[in-house]
Structure formats: C-alpha cells, structure tokens
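What follows is a single structure, written as structure tokens, with notes after it.
Residue numbers begin at 1 in each chain, while the letters A, B, ... track the order of the sequences.
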There are 2 protein chains.
Amino acid sequence: MLTIGNLAKRTGTKVQTIRYYEQVGLMPEPGRTDGGQRRYGDAELDRLSFIRHARQLGFSLDAIRELLDLSDHPARSCEEADAIARRQLKQVKQRMARLELLRVELERMIEECSGGQAADCRVLEVLRDHAECLTDHEGIGT
Amino acid sequence: MLTIGNLAKRTGTKVQTIRYYEQVGLMPEPGRTDGGQRRYGDAELDRLSFIRHARQLGFSLDAIRELLDLSDHPARSCEEADAIARRQLKQVKQRMARLELLRVELERMIEECSGGQAADCRVLEVLRDHAECLTDHEGIGT
DNA sequence: CTAAAACCTCGAGCCACTGGAGGTTCAACC
DNA sequence: GGTTGAACCTCCAGTGGCTCGAGGTTTTAG
C-alpha cells in the first residue's frame with residue numbers, strides 16, 4: 001500500500017496533482033486509513049503512470065479520459081485510439097512549424113542588434129515595424 | 001479615429017482582448033466619445049501592432065511590458081532588449097527539441113497500430129507500458 | 001425615426017495545475 | 001507510552017492569456 005507521497009515519487013507527479021486528478025475524475029477515489037489518509041495499490045500506480053506518460057506526449061486530460069475509457073473496454077475498436085494519436089501528431093507538427101518561424105525571426109533580430117542604444121536596436125525595430133509582421137493573424141497558440 | 005472594432009480588425013485582435021490589454025496596463029486608457037465608447041488613434045494602433053507581433057513571436061505579456069518600456073525610453077541600452085530576445089530564443093529551441101521527441105514517439109505509436117481491437121492496439125500499449133516511458137520526469141511544459 | 005450592429009461593464013470560465021494556510025495523522029525513536 | 005517532525009488532510013486562491021455571456025446603451029445607415 002502506497003501513500004500519496006510515495007505514489008507521487010514513483011510517477012514523477014506532485015502530490016497536489018494526484019489529488020487534482022482525483023477531483024476531476026481521472027483517478028478513482030482510493031481507500032483511506034482510519035485517520036483519513038489515501039492509500040494506493042498497483043492498479044492506481046499503473047493508471048497514474050499511463051496518465052503521466054500520455055501527458056508527457058502532450059495529450060490533453062480530455063484525450064486521456066477517452067484513452068483510459070478505451071483501455072477499460074479492450075473489445076472496442078483500436079481506430080479511436082489511433083485517431084486520437086493522429087490528432088495529437090498533427091498538433092505537434094503545427095506547433096513545430098510555428099516555432100521554426102519564430103526561431104528564424106528571433107535569430108535574425110538578435111544577429112542584427114547593434115549593441116548600442118535602444119534607439120538603434122533591431123530587436124525593438126523588428127517588433128515595431130508592422131511591415132515585417134508575419135502575414136497571418138493566428139497568434140502563437142501555446 | 002478608430003473604434004475598438006476597427007482597431008481589432010486592423011491588428012487581427014479580438015475586441016475583448018484589447019479591453020483585456022487595457023485592463024492589465026499594456027494598452028493605455030483611450031479617449032472616449034460622449035456616449036462612453038473608446039476611440040483610438042495611430043499611436044494606439046502602433047502599440048497594439050507591436051504587442052501582437054511580439055505575442056506571435058512567443059513573448060509573454062511581462063516580456064512585452066519590458067520591451068514597451070524600453071521602446072518608450074530609447075536612450076537606454078539595447079542590451080536589455082537583446083537579453084529578452086535571447087531568453088525567448090532559448091525557450092523556443094527547448095520547446096522544439098521537446099516536440100521533436102514527442103513527434104518521433106507518436107509516429108512510432110501510430111505506425112505500429114494494428115488496426116484491430118483496442119486490446120491489441122499499440123497506441124494503448126505504449127501508453128500503458130511503463131518501461132517505454134521517457135526516462136525524465138519533466139512533463140511537456142506548454 | 002427606427003432597426004440593427006456595434007459598443008459598454010461586470011463577472012465567470014477555460015486548462016492543468018500550483019501554492020499556501022491552518023490543522024491532523026503517522027512512524028520512528030527514546 | 002510519549003514526543004517529535006515529516007507527511008498528510010481540506011479548502012481556497014492564483015497563474016496566463018484570453019474568451020464568452022448576460023443585460024444594457026450608443027452609434028449609424030437607411
């Protein structure tokens with residue numbers, strides 16, 4: 001039987017985060033000691049590992065909910081899990097493309113910085129000059 | 001004189017976002033009509049363009065505040081602006097490296113998906129199998 | 001003059017946590 | 001058995017950067 005702190009250590013999660021997952025229904029309500037402290041078994045350890053791994057892969061909590069549901073019903077089609085993963089991959093690729101544009105522009109800005117007064121600073125100039133703006137108006141979409 | 005809606009269109013911003021920027025002190029309080037509606041001039045258009053461009057480059061609102069402060073005082077050193085840009089570039093590179101790892105793992109997952117029942121699905125298996133976990137415990141850091 | 005589009009304020013909600021206050025329980029050691 | 005002190009508990013608030021909605025007012029075109 002694991003305390004919440006040990007479960008946290010084993011999965012690289014913060015204690016508060018585990019309680020949060022319980023609150024939003026991703027983790028089940030665990031058993032408690034007489035004093036009211038949570039105690040976890042192997043099933044919960046596995047489930048939390050699954051969640052953390054999926055988070056590291058960038059899945060949203062909603063997507064993880066779907067995946068957990070799927071893995072609780074192994075007779076259902078694999079296609080759903082595949083679709084979720086593909087959606088995720090698409091997002092990752094989009095973010096990378098966006099970041100690549102930013103990287104290029106930032107490097108140019110830094111390279112052209114004269115090191116003098118702010119009045120001559122290319123960093124500020126590039127940001128100020130609307131003509132050099134990326135043409136789309138999408139924002140960066142964290 | 002621009003209405004808030006026109007300013008929004010010209011800069012690719014939502015109206016609410018402009019009001020939000022005013023609320024957090026990034027945009028100044030503009031003049032108003034007798035009826036109380038905001039009216040903007042060219043200075044505000046420039047300032048908002050600056051902000052939007054910086055956002056597209058991934059700068060946080062705090063960083064933008066610093067940059068605006070800098071560009072309001074052009075006699076000060078360029079080094080600060082340069083440092084901010086460099087910090088930003090570092091972050092962008094880190095995010096890209098992280099995303100590249102995710103991309104590889106997601107592609108492997110999808111490629112190995114058997115297309116059958118969830119019970120045989122590699123996507124779920126990879127997520128379930130703790131041994132295939134990325135070794136570090138950093139999370140994805142949006 | 002009227003209709004409707006655009007504006008106003010205020011407040012709440014989103015995601016995925018994170019931190020803190022203030023109090024209780026557990027485990028180890030003497 | 002008693003005493004620490006680390007770990008636990010609940011509850012609430014805050015983060016960033018918006019975004020939406022309700023319910024009401026102003027502006028503008030016809």
Side-chain angles (χ1 to χ4, degrees), chain A residues 1-27 29-40 44 48 50-68 88 91 95 98 137-142, chain B residues 1-27 29-40 44 48 50-68 88 91 95 98 137-142:
Chain A
M1 284 298 167
L2 290 163
T3 63
I4 196 170
N6 286 336
L7 181 62
K9 247 174 236 156
R10 290 249 228 142
T11 55
T13 316
K14 297 214 172 186
V15 166
Q16 293 107 310
T17 305
I18 298 175
R19 290 198 279 249
Y20 169 75
Y21 287 161
E22 183 183 328
Q23 203 184 311
V24 298
L26 270 183
M27 288 292 288
E29 291 187 25
R32 302 265 186 158
T33 63
D34 290 347
Q37 297 195 357
R38 291 167 179 83
R39 286 300 120 96
Y40 295 93
E44 283 95 344
L48 185 54
F50 184 106
I51 295 169
R52 292 312 289 175
H53 195 181
R55 283 295 297 141
Q56 281 169 359
L57 286 170
F59 290 91
S60 72
L61 293 192
D62 270 353
I64 293 171
R65 229 184 293 274
E66 289 184 77
L67 288 168
L68 281 167
Q88 203 56 33
Q91 272 187 25
R95 285 188 214 170
R98 186 80 58 93
H137 274 150
E138 280 185 50
I140 73 152
T142 61
Chain B
M1 280 300 165
L2 290 164
T3 64
I4 196 169
N6 286 337
L7 180 62
K9 248 173 235 158
R10 289 249 229 143
T11 55
T13 316
K14 298 214 168 185
V15 167
Q16 293 106 310
T17 305
I18 298 175
R19 289 199 280 249
Y20 169 75
Y21 287 162
E22 183 183 328
Q23 203 184 311
V24 299
L26 269 183
M27 289 292 288
E29 290 187 27
R32 302 266 186 157
T33 62
D34 290 349
Q37 297 194 357
R38 291 168 179 82
R39 287 298 120 98
Y40 295 93
E44 283 95 346
L48 184 54
F50 185 106
I51 294 170
R52 293 310 291 176
H53 195 180
R55 284 295 297 142
Q56 282 169 359
L57 286 170
F59 291 93
S60 71
L61 294 191
D62 271 353
I64 294 171
R65 229 184 295 272
E66 288 183 78
L67 288 167
L68 280 166
Q88 206 55 33
Q91 270 186 25
R95 282 188 219 171
R98 186 82 56 97
H137 275 150
E138 279 184 51
I140 73 152
T142 57

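Of all heavy-atom pairs between A:Leu7 and A:Leu2, the closest is CD1-CD1, 4.2 Å. In plain terms, the two heavy atoms of A:Leu48 and A:Thr13 that are nearest each other are CD2-OG1, 4.0 Å. The minimum heavy-atom distance between A:Val24 and A:Arg65, with the atom names listed, is O-NH1, 2.8 Å. Between B:Val15 and B:Ala8 the shortest heavy-atom distance is CG2-CB, 3.9 Å.
What separates CZ of B:Phe59 from P of D:dC18 is a distance of 15 Å, to the nearest Å. The separation between A:Asp34 atom CG and D:dC9 atom C1' is 15 Å, rounded to whole Å. Counting to the nearest Å, the C1' atom of D:dT25 and the CD atom of B:Gln37 are 8 Å from each other. Atom CE in B:Met1 sits roughly 19 Å away from atom C1' in D:dT28 (whole-Å rounding). What separates OH of A:Tyr20 from P of C:dC14 is a distance of 10 Å, to the nearest Å. Rounded to a whole Å, the CG atom of A:Asn6 is 11 Å from the P atom of C:dA27. Put simply, CZ on B:Arg39 is 13 Å from P on D:dT26, counting in whole angstrom units. One interatomic measurement links the two molecules: CD1 of A:Ile51 to P of C:dC15, which rounds to 16 Å at whole-angstrom precision.
Checked against C:dC8, C:dA16, D:dT19, the side chain of A:Arg55 finds its nearest nucleotide in C:dA16. Counting only heavy atoms from C-beta on, B:Arg38 has its side chain closest to C:dC8 among C:dC26, C:dC8, D:dC18. For A:Gln16, the listed nucleotide lying nearest its side chain is C:dT18; candidates were C:dT18, D:dC18, C:dC26. Candidate nucleotides C:dC17, C:dC7, C:dA27 were compared by shortest atom distance to the side chain of A:Tyr21, and C:dC17 ranks first. If you check C:dC17, D:dC8, C:dG19 against the side chain of A:Arg52, the one that comes closest is C:dC17. Residue B:Thr33 has its side chain nearest to D:dT27 when only C:dT9, C:dA27, D:dT27 are considered. For A:Ser60, the listed nucleotide lying nearest its side chain is C:dA16; candidates were C:dA16, D:dC18, C:dC7. With distances taken from any side-chain atom of B:Ile4 to the nucleotides C:dC7, D:dT19, C:dC17, the minimum falls on C:dC7.
Comparing B:Leu61 and A:Thr3 along DNA chain D, the residue whose closest nucleotide (by nearest heavy atom) sits nearer the 5' end is A:Thr3. A residue-by-residue look at B:Lys14 and B:Asp62 shows that B:Asp62 has its nearest nucleotide of DNA chain D further toward the 5' end.
Between B:Arg32 and the phosphate of C:dT9, there is a side-chain N or O to OP1/OP2 separation shorter than 4.0 Å.
For the pairing with A:Pro30, the side-chain contact (heavy atoms from CB on, under 4.5 Å) check across A:Met1, A:Gln37, A:Glu22 returns one residue only, A:Glu22.
At the heavy-atom level, A:Arg19 lies under 4.0 Å from base atoms of the strands shown.
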